[in-house]
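Step one of this worksheet: look at the structure below.
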There are 2 protein chains.
Amino acid sequence: MTISDIETPLAPPPTPMGTKERLVAAALSLFQAKGYHGVAISDILDASELPKGSLYHHFPGGKEELAIAAVGFIADEVDARLAAEFSKNKRAGAVLLELAHECVIWLQRSDYTQTPLLGLLAASPGESALTQAICDAQKRWLARFESALGGTEAAHDKACLALASLEGGISLARMSRSSDLLIRSVTLAALRINQR
Amino acid sequence: MTISDIETPLAPPPTPMGTKERLVAAALSLFQAKGYHGVAISDILDASELPKGSLYHHFPGGKEELAIAAVGFIADEVDARLAAEFSKNKRAGAVLLELAHECVIWLQRSDYTQTPLLGLLAASPGESALTQAICDAQKRWLARFESALGGTEAAHDKACLALASLEGGISLARMSRSSDLLIRSVTLAALRINQR
DNA sequence: AAGAAACCAGACCGTTCGGTCCAGTGCGGC
DNA sequence: GCCGCACTGGACCGAACGGTCTGGTTTCTT
């Protein structure tokens with residue numbers, strides 16, 4: 001508990017996050033913007049306004065452990081969101097579009113500096129636990145779509161297209177600094193996914 | 001002209017590339033595997049078995065200039081390939097599948113360590129000339145698909161889906177260390193693209 | 001109230017980074 | 001034959017990196 005956690009009556013969320021959460025949040029945003037190797041520990045510390053000791057207290061494994069925690073955080077976040085949407089019995093295409101629209105907001109907020117999770121694969125140290133964490137996250141998302149689509153062979157195909165169009169679309173959006181291309185590719189993919 | 005450029009009768013390709021080409025080839029492969037910041041100059045030098053002096057002679061701009069050259073190289077390569085396929089009057093979906101199959105070979109050869117060009121965006125220094133080079137490459141490829149599809153609004157949508165499914169599919173393939181997911185997403189996308 | 005545990009803070013260290021510099025080297029023209 | 005020049009080879013440098021270490025402070029337990 002730090003001073004920033006005290007719930008003051010007039011300023012409810014001055015910095016509502018604890019130290020650990022601040023670190024994860026800063027790390028996630030920076031890693032998705034510049035890749036694992038592109039972010040220095042000092043960058044994360046600057047962004048979260050925390051000293052080095054705090055980081056190595058909460059994450060003795062250093063940079064990589066922090067990165068894994070960040071990936072785990074976003075993985076859970078999206079997974080829970082997917083579960084919620086699918087439980088409303090929405091069609092897969094609709095869920096995909098829903099997700100894409102949230103990505104649009106996220107991209108705009110960050111001024112189109114963010115990259116899809118899979119893009120980080122390129123920037124992660126080869127064959128590391130971090131790479132594994134990214135792969136696990138993707139597999140969970142893929143499985144959500146697949147089972148929601150019926151678990152058939154065709155469902156597998158469609159789930160692949162859903163994720164590929166989303167991740168590829170985010171990349172395109174970042175490139176063009178506009179959400180337009182993301183919406184276009186996801187919409188078309190959703191059409192195909194809802195077919196038959 | 002170096003010794004490796006001389007066409008000897010009995011050993012045609014002992015080292016068929018000149019110094020500059022060797023550097024670009026090594027750099028491209030490494031950058032696509034580990035991202036801009038993930039590759040050290042010394043890595044490129046080791047891979048190409050060249051000393052530092054050579055690099056800074058051919059690329060006075062250093063690491064970034066080399067990276068830009070590498071991006072330009074692959075951009076031209078793919079662009080020319082697209083132009084050739086489209087000139088055979090193939091349907092866009094067929095060209096996309098053709099391209100995907102070449103990517104499969106390339107991925108297998110590299111043991112699934114390579115990443116699509118756009119994935120490198122995440123790992124490039126923000127707002128640099130390198131970022132611009134990557135964006136330019138993508139826009140050229142996008143334009144090829146778009147004009148081949150008729151240049152209409154619908155063509156634009158389909159071109160986006162083509163590129164997104166390809167880049168996203170490559171990421172999925174790398175993640176799963178299998179070309180299966182790439183083929184699935186691209187095939188489905190091609191079906192949609194050939195519609196109407 | 002007091003001692004233990006958890007946590008914050010930042011000076012410090014060895015390594016590695018990208019980049020510079022210059023002394024060789026060997027092939028070309030003259 | 002020799003001299004110029006494009007290129008190679010690698011020692012070297014300052015900066016920045018990830019990580020360690022040890023005080024000091026807060027918070028929990030009893």
Side-chain angles (χ1 to χ4, degrees), chain A residues 1-8 14-27 30-31 33-70 123-126 128-130, chain B residues 1-8 14-27 30-31 33-70 120 123-126 128-131:
Chain A
M1 163 96 62
T2 69
I3 188 168
S4 57
D5 290 342
I6 300 168
E7 300 243 333
T8 56
T15 311
M17 292 186 251
T19 301
K20 208 164 178 176
E21 287 75 17
R22 285 233 305 273
L23 283 169
V24 168
L30 284 168
F31 282 138
K34 306 204 259 178
Y36 182 77
H37 295 289
V39 177
I41 297 274
S42 60
D43 294 338
I44 298 169
L45 265 18
D46 287 350
S48 59
E49 294 181 304
L50 251 17
K52 216 169 224 184
S54 307
L55 195 161
Y56 282 91
H57 172 76
H58 292 287
F59 301 96
K63 193 181 184 182
E64 184 167 358
E65 186 182 340
L66 175 55
I68 291 171
S124 62
S128 63
L130 173 57
Chain B
M1 162 98 57
T2 69
I3 189 169
S4 59
D5 291 340
I6 299 168
E7 301 243 332
T8 56
T15 313
M17 290 186 254
T19 302
K20 209 165 176 174
E21 287 75 18
R22 285 233 307 273
L23 283 168
V24 168
L30 283 168
F31 281 138
K34 306 205 258 177
Y36 182 77
H37 295 290
V39 177
I41 297 275
S42 60
D43 294 337
I44 299 169
L45 266 18
D46 288 349
S48 58
E49 293 181 303
L50 251 18
K52 218 170 222 183
S54 306
L55 194 160
Y56 281 91
H57 172 76
H58 292 288
F59 301 96
K63 192 182 184 182
E64 184 167 357
E65 187 182 340
L66 175 55
I68 291 171
L120 288 183
S124 62
S128 64
L130 173 57
T131 307

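Nothing here was measured: the structure is a model prediction, and the numbers come from that model. Throughout, protein chains are lettered first and strands after them, A, B, ... in sequence-line order, and every chain is numbered starting at 1.
- The A:Lys52 side chain lies nearest to D:dG18 when the options are D:dC7, C:dG18, D:dG18.
- Under the 3.5 Å distance criterion, the side-chain polar atoms of B:Asp46 are left unmatched by any main-chain donor or acceptor of B:Asp43.
- Each of C:dG19, D:dG10, C:dA9 was ranked by its minimum atom distance to the side chain of A:Leu50; first place goes to C:dA9.
- One interatomic measurement links the two molecules: CG of B:Asp43 to C1' of C:dT16, which rounds to 11 Å at whole-angstrom precision.
- Residue B:Gly62 is classed as a sugar-phosphate contact, given heavy-atom separations below 4.0 Å to backbone atoms only.
- The CG-P distance, from A:Leu55 to D:dG19, rounds to 9 Å in whole Å.
- The separation between B:His57 atom NE2 and D:dC7 atom P is 4 Å, rounded to whole Å.
- For the pair A:Ser48 (side chain) and A:Ile44 (backbone), a donor-acceptor distance under 3.5 Å is present.
- The nucleotide whose nearest atom lies closest to any side-chain atom of A:Ser42 is, among C:dG19, D:dC17, D:dG10, D:dC17.
- At least one donor-acceptor pair closer than 3.5 Å links the side chain of B:Lys63 to the backbone N or O of B:Tyr36.
- Following rounding to the nearest Å, B:Phe59 (CZ) and C:dT20 (C1') show an atom-to-atom distance of 18 Å.
- Rounded to whole Å, the distance from NZ on B:Lys20 to P on D:dA6 is 13 Å.
- Taking the ring axis of B:Phe59 as reference, the NZ or CZ atom of B:Lys20 stays within 45° of it and closer than 6.0 Å to the ring centre.
- Distances were taken from every side-chain heavy atom of A:Pro51 (C-beta onward) to each of D:dG19, D:dC7, C:dG10; the shortest belongs to C:dG10.
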